[in-house]
Amino acid sequence: MAESAHPVLTDEGGAILDERTGRWTHLTPAASAALMLLLAGTTEEEAAGHYAQRYGIDAGQAAVDVRMVGAALIALGLATQEPVSRHHWWGWWR
């Protein structure tokens, strides 16, 4: 996720607040699930595998779906292709 993006995700759907614009982007339950799997720290391939199992779909279609969610969020400026380092205030001296 981009530093300015703050997701609120559930199994029933989700939304992402873009603090730069103050706008919310709403997600379908399937898009929310794909994003939760991607944010879980798994690879895109692992996320697609879990997504395929969850929805009982072909692994190829799951990979396309997960990739499309990521690409759409990148296009909106809500995500980046590179992992973003989230520094904690207590680690400033490192």
Side-chain angles (χ1 to χ4, degrees):
M1 298 299 303
E3 289 281 341
S4 63
H6 305 283
V8 178
L9 307 170
T10 70
D11 290 335
E12 288 79 34
I16 303 170
L17 173 63
D18 184 346
E19 70 180 27
R20 295 172 300 138
T21 64
R23 293 186 180 172
W24 287 91
T25 298
H26 297 277
L27 305 174
T28 64
S32 182
L35 182 54
M36 282 191 278
L37 291 168
L38 287 168
L39 291 175
T42 62
T43 65
E44 187 175 287
E45 293 79 24
E46 289 174 340
H50 292 298
Y51 188 86
Q53 288 177 343
R54 178 181 183 142
Y55 289 102
I57 61 174
D58 176 74
Q61 183 60 54
V64 169
D65 291 353
V66 169
R67 197 172 303 116
M68 285 179 56
V69 169
L73 294 176
I74 289 168
L76 291 170
L78 298 173
T80 62
Q81 287 184 319
E82 299 298 321
V84 175
S85 175
R86 302 244 184 218
H87 298 286
H88 298 289
W89 65 269
W90 60 85
W92 62 268
W93 64 87
R94 292 182 194 172

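Because the structure is predicted, anything quoted here is derived from the model rather than measured.
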Minimum-distance pair of heavy atoms, taken over all atoms of [X] and [Y]:
{"X": "Ser32", "Y": "Gly13", "result": "OG-O, 3.2 Å"}
{"X": "Ala63", "Y": "Ala48", "result": "CA-CB, 3.6 Å"}
{"X": "Ala59", "Y": "Ala52", "result": "CA-CB, 4.1 Å"}

**Message:** Please check this pair: side chain of Ser4 against backbone of Glu19, looking for a donor-acceptor N/O pair closer than 3.5 Å.
**Reply:**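 No, Ser4 side chain to Glu19 backbone: no donor-acceptor pair under 3.5 Å.
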
**Request:** Just grab all the ring-ring contact (aromatic ring centres under 6.0 Å, His included) pairs involving residues 19-52, residues at least two apart or on different chains.
**Result:** Tyr51-Tyr55

Taking [Y] as the starting point, is it possible to reach [X] by hopping between hydrophobic residues whose side chains are less than 4.5 Å apart?
{"X": "Met36", "Y": "Leu78", "answer": "yes"}
{"X": "Val69", "Y": "Leu27", "answer": "yes"}
{"X": "Leu73", "Y": "Leu17", "answer": "no"}

**Prompt:** Looking at residues at least two apart in the chain, or sitting in another chain, which of them share a side chain to side chain donor-acceptor pair (under 3.5 Å) with Glu46?
**Reply:**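 Per chain and number, Glu46 pairs via side chain to side chain donor-acceptor pair (under 3.5 Å) with no residue.
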
**Request:** Side-chain contact test, heavy atoms from C-beta onward, threshold under 4.5 Å: evaluate it for Leu76 versus Ile16 and give yes or no.
**Result:** no

**Prompt:** Hey, are the side chains of Leu37 and Val66 touching, using non-hydrogen atoms and a 4.5 Å cut-off?
**Reply:** no

**Asked** Hey, what do you get for CD (Glu12) to OG1 (Thr28), rounding to the nearest 0.5 Å?
**Response**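 Answer rounded to 0.5 Å: 12.5 Å.
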
**Asked** Hey, is CZ on Arg54 packed in by over 12 heavy atoms from elsewhere, all under 6.0 Å?
**Response** yes

**Asked** Considering residues at least two apart in sequence or located in another chain, which fulfil the salt bridge (Lys or Arg N to Asp or Glu O under 4.0 Å) criterion with Arg20?
**Response**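 If we apply the salt bridge (Lys or Arg N to Asp or Glu O under 4.0 Å) test to Arg20, skipping adjacent residues, the hits are Asp18.
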
